[in-house]
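All values below were derived from every heavy atom in this structure, side-chain atoms included, with hydrogens, water molecules and symmetry-related copies excluded.
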Amino acid sequence: MGQAPPLRIGNASGFYGDRFDAMREMLTGGELDVLTGDYLAELTMLILGRDRQKDPGAGYARTFLRQLEECLGLAHERGVRIVANAGGLNPAGLADAVRQLADRLGVPVRVAHVEGDDLHSRYPDSLAAHAYLGGFGIAACLREGADIVVTGRVTDAALVTGPAVAHFGWEPGEYDRLAGSVVAGHVLECGAQATGGNYAFFGEGGALRPGFPLAELHEDGTCVITKHPGTGGLVDVGTVTAQLLYETAGARYAGPDVTARLDTVRLTQDGSDRVRVDRVRGEAPPPALKVGVNRLGGFRNEVVFVLTGLEIESKAALVRSQMRDVFAKSRPAEVRWDLVRTDRPDASTEETASALLRLVVRDPVQENVGRVLSGAAVELALASYPGFHVLAPPGKGTPYGVFEGVYVPHGAVDHVAVLHDRRRITVPPAHDTAVLDDVPEPPLPEPLPPGPTRRVPLGLVAGARSGDKGGNANVGVWVRTDDAWRWLAHTLTADRFRELLPETADLTVVRHVLPNLRALNFVVEGLLGEGVASQHRFDPQAKALGEWLRSRHLDIPEVLL
């Protein structure tokens with residue numbers, strides 16, 4: 001019996017709010033077998049949780065339904081199956097809504113969904129608590145003939161692993177093949193980030209409107225990452241490396257089905273806009289499933305004072321002193337001031353002559369950060385520093401969320417595939433697991449010989465991509481030549497990282513070395529407080545942390561420049 005044909009899996013959404021017409025573009029731009037969409041993130045689950053509080057029938061990504069209204073008939077005509085986690089907190093509700101839509105449009109499709117991730121009853125003080133399920137529930141739906149599968153909180157990569165398991169007939173213990181599909185899924189999950197979007201070297205490709213990615217996945221777990229002909233952007237080793245490093249950490253990338261070894265991945269250019277991914281090794285998954293718990297953390301309010309011209313520091317000190325009496329009365333739990341020096345001397349525009357003084361307050365009680373603060377800030381309008389104004393009127397205080405990652409045994413969830421005919425198939429938990437021990441650090445390459453250097457930005461020789469995982473941030477840094485790797489591996493230590501980014505100076509920074517990718521991955525613990533929804537810092541998801549790092553100056557060997 002010959003090998004099964006490759007499976008062409010595309011992506012049409014990297015987050016809730018991504019480009020609306022991407023689904024149509026992917027269905028009309030070239031051949032596909034499966035089209036996936038990732039609509040969920042830590043913050044999205046909090047947003048959907050608040051939606052469900054107002055309407056128990058809500059809790060799913062409504063954008064997905066509107067996209068299907070335009071594209072359901074097209075997908076059916078072309079024989080493309082659709083797999084999306086747009087079900088959010090209510091996959092059964094979304095599945096019913098898709099069936100109603102299909103009936104109204106007269107499109108005969110079979111709709112199934114996956115459930116069992118919802119653990120809200122275990123965490124009754126949460127807005128949402130969901131285990132990250134794997135791909136075998138999706139696979140069960142597809143094997144039983146589903147045309148559309150909607151899920152709740154599965155891992156992002158499961159949207160690819162599930163179709164691959166169904167197509168190739170993989171069993172739970174085929175870890176290398178499963179790991180290959182996880183790597184493919186991780187590359188696809190963020191849409192255009194694999195095709196030149198958010199790319200450090202964005203000037204090298206069509207960043208104006210990058211297309212969405214697809215993977216040609218083979219039975220042995222290898223794949224080629226590409227995109228439809230004629231779409232914008234680019235796919236090269238750099239764009240795929242950047243996405244591989246996004247929101248990961250060390251050599252082991254753990255999931256509910258398999259632990260993929262990122263230190264085994266090999267990337268090779270396989271033609272224009274084609275990158276081959278092979279040699280991926282997998283191991284048994286860890287003994288516990290991750291659970292994302294989202295809670296309301298309290299209320300926050302923010303005022304941004306604009307300080308223009310001379311004596312910026314003195315003007316900031318005056319405002320802080322004037323607000324001190326207000327805080328003595330309301331006593332908010334947290335008060336944070338940040339002076340952002342966007343001003344320039346002898347500026348040619350008023351905006352470039354101005355600095356921003358940002359005040360953020362938080363408290364479990366809304367009244368302590370609401371009108372008391374807002375009124376006091378407004379009352380300063382004619383009684384403070386010269387040129388007083390604020391960016392926007394302060395409000396009454398808005399709720400913010402906090403995210404916590406906890407863990408439960410595999411058997412603690414009821415992973416179920418609910419088919420189009422209402423039959424229910426129980427998905428058994430992983431039968432083999434392995435504790436995630438640290439991987440010994442690989443040997444470093446020989447350092448570059450001494451030579452002349454120039455003090456220039458790191459970004460002249462290195463790319464970076466950064467992101468968030470709960471309260472931690474990660475920054476992946478990579479280079480494109482062996483000589484640059486010889487320099488980077490010895491130069492950019494965790495200590496040097498902290499020196500270059502002073503906001504991390506007092507935090508734990510863990511460096512992971514990935515020689516196959518010529519990459520270092522840094523995990524900064526606690527930089528983001530209690531997660532993106534808490535809006536702990538100016539860049540709450542650490543999206544630009546890598547670009548800040550690339551802008552810092554180092555003594556770089558001239559031979560690399």
Side-chain angles (χ1 to χ4, degrees), residues 13-17 36-53 55-65 67-68 82-99 111-124 126-142 146 148-163 165 185 189 255-257 289-295 401 403-408 410-420 422 424-427 429 533:
S13 175
F15 68 101
Y16 190 9
T36 67
D38 180 8
Y39 293 79
L40 302 183
E42 293 169 3
L43 180 61
T44 313
M45 300 301 279
L46 180 75
I47 293 169
L48 294 177
R50 294 187 64 193
D51 288 349
R52 190 173 60 174
Q53 278 189 323
D55 176 7
Y60 55 79
R62 297 184 183 276
T63 304
F64 176 72
L65 269 182
Q67 290 173 305
L68 281 186
I82 295 175
V83 178
N85 60 14
L89 278 60
N90 188 6
L94 177 57
D96 285 340
V98 173
R99 293 184 186 102
V111 183
H113 73 275
V114 177
E115 61 184 39
D117 59 300
D118 191 346
L119 299 183
H120 177 68
S121 61
R122 287 173 173 255
Y123 306 92
S126 67
L127 269 178
H130 291 261
Y132 288 72
L133 302 179
F136 279 87
I138 295 170
C141 294
L142 294 172
I148 297 176
V149 182
V150 295
T151 76
R153 179 73 278 186
V154 296
T155 65
D156 301 336
L159 300 175
V160 170
T161 298
V165 167
E189 70 181 62
D257 299 321
L289 293 177
K290 181 180 178 180
V291 179
V293 181
N294 287 274
R295 298 184 175 92
F403 175 86
E404 180 186 10
V406 299
Y407 294 86
V408 299
H410 282 262
V413 301
D414 297 319
H415 189 175
V416 177
V418 184
L419 307 181
H420 57 280
R422 308 294 180 172
R424 300 172 65 85
I425 298 177
T426 298
V427 179

Tell me, with the steps shown, if Tyr132 and Val154 meet side-chain contact (heavy atoms from CB on, under 4.5 Å). CA-CA 5 Å; Tyr132 288 72; Val154 296; over 6 Å; no
side-chain contact (heavy atoms from CB on, under 4.5 Å) between Phe403 and Leu43: does it pass, once the steps are laid out? CA-CA 8 Å; Phe403 175 86; Leu43 180 61; over 6 Å; no
With side chains defined as the heavy atoms from C-beta onward, is the minimum distance between Arg153 and Leu133 less than 4.5 Å? no
Scanning both residues in full, the closest heavy-atom pair of Gly137 with Ala417 reads O-CB, 3.6 Å
Check for me whether Arg62 meets the cation-pi criterion with Tyr60, that is, NZ or CZ under 6.0 Å from the six-membered ring centre and within 45 degrees of the ring axis. yes
Distance under 6.0 Å and angle within 45° of the ring axis: does Lys290 meet both against Tyr407? no
Is His415 close to Val114 at the side-chain level, that is, under 4.5 Å between some pair of heavy atoms? yes
Gly49 versus Leu127, closest heavy-atom pair with distance: O-CD2, 4.0 Å
So, taking the atom named OG1 in Thr151 and the one named CG in Asn85, what distance separates them when rounded to the nearest 0.5 Å? 5.0 Å
Residue among Leu89, Val291, Leu48 satisfying side chain to side chain contact (heavy atoms under 4.5 Å, CB included) with His130: Leu89
Heavy-atom side-chain proximity of Ser13 to Asp38 below 4.5 angstrom: no
Minimal non-hydrogen separation, Arg52 against Asp118, with atom names: NH1-OD2, 3.5 Å
Pairwise side-chain contact, His113 with Val111, heavy-atom cut-off 4.5 Å (strictly under): no
Under 3.5 Å, is there a donor-acceptor pair between the side chain of Thr161 and the main chain of Ala158? no
Kindly determine whether Arg424 and Thr426 satisfy side-chain contact (heavy atoms from CB on, under 4.5 Å), including the steps that lead there. CA-CA 6 Å; Arg424 300 172 65 85; Thr426 298; over 6 Å; no
Locate the shortest heavy-atom distance separating Val149 from Leu142; write the atom from each residue and the value. CG2-CD2, 3.8 Å
Shortest non-hydrogen separation from Asp257 to Gly135 and the atoms involved: OD2-N, 2.7 Å
Kindly compute the distance separating CG (Leu289) from CG (Asp117), expressed to the nearest 0.5 Å. 10.5 Å
When Asn90, Asp96, Val98 are each screened for side chain to side chain contact (heavy atoms under 4.5 Å, CB included) with Leu94, the one that passes is Val98
Measure the spacing between SG of Cys141 and CD1 of Ile148 and express it to the nearest 0.5 Å. 12.0 Å
With side chains defined as the heavy atoms from C-beta onward, is the minimum distance between Ile138 and Leu159 less than 4.5 Å? yes
Is the shortest side-chain heavy-atom distance between Ile82 and Leu68 below 4.5 Å? yes
Which heavy atom of Ala129 sits nearest to which heavy atom of Ser126, and what is that distance? CB-OG, 3.8 Å
Could you tell me whether Phe64 and Tyr39 have their ring centroids closer than 6.0 angstrom? yes
Please step through side-chain contact (heavy atoms from CB on, under 4.5 Å) for the pair Tyr123 and Glu404, ending with a clear verdict. CA-CA 11 Å; Tyr123 306 92; Glu404 180 186 10; over 6 Å; no
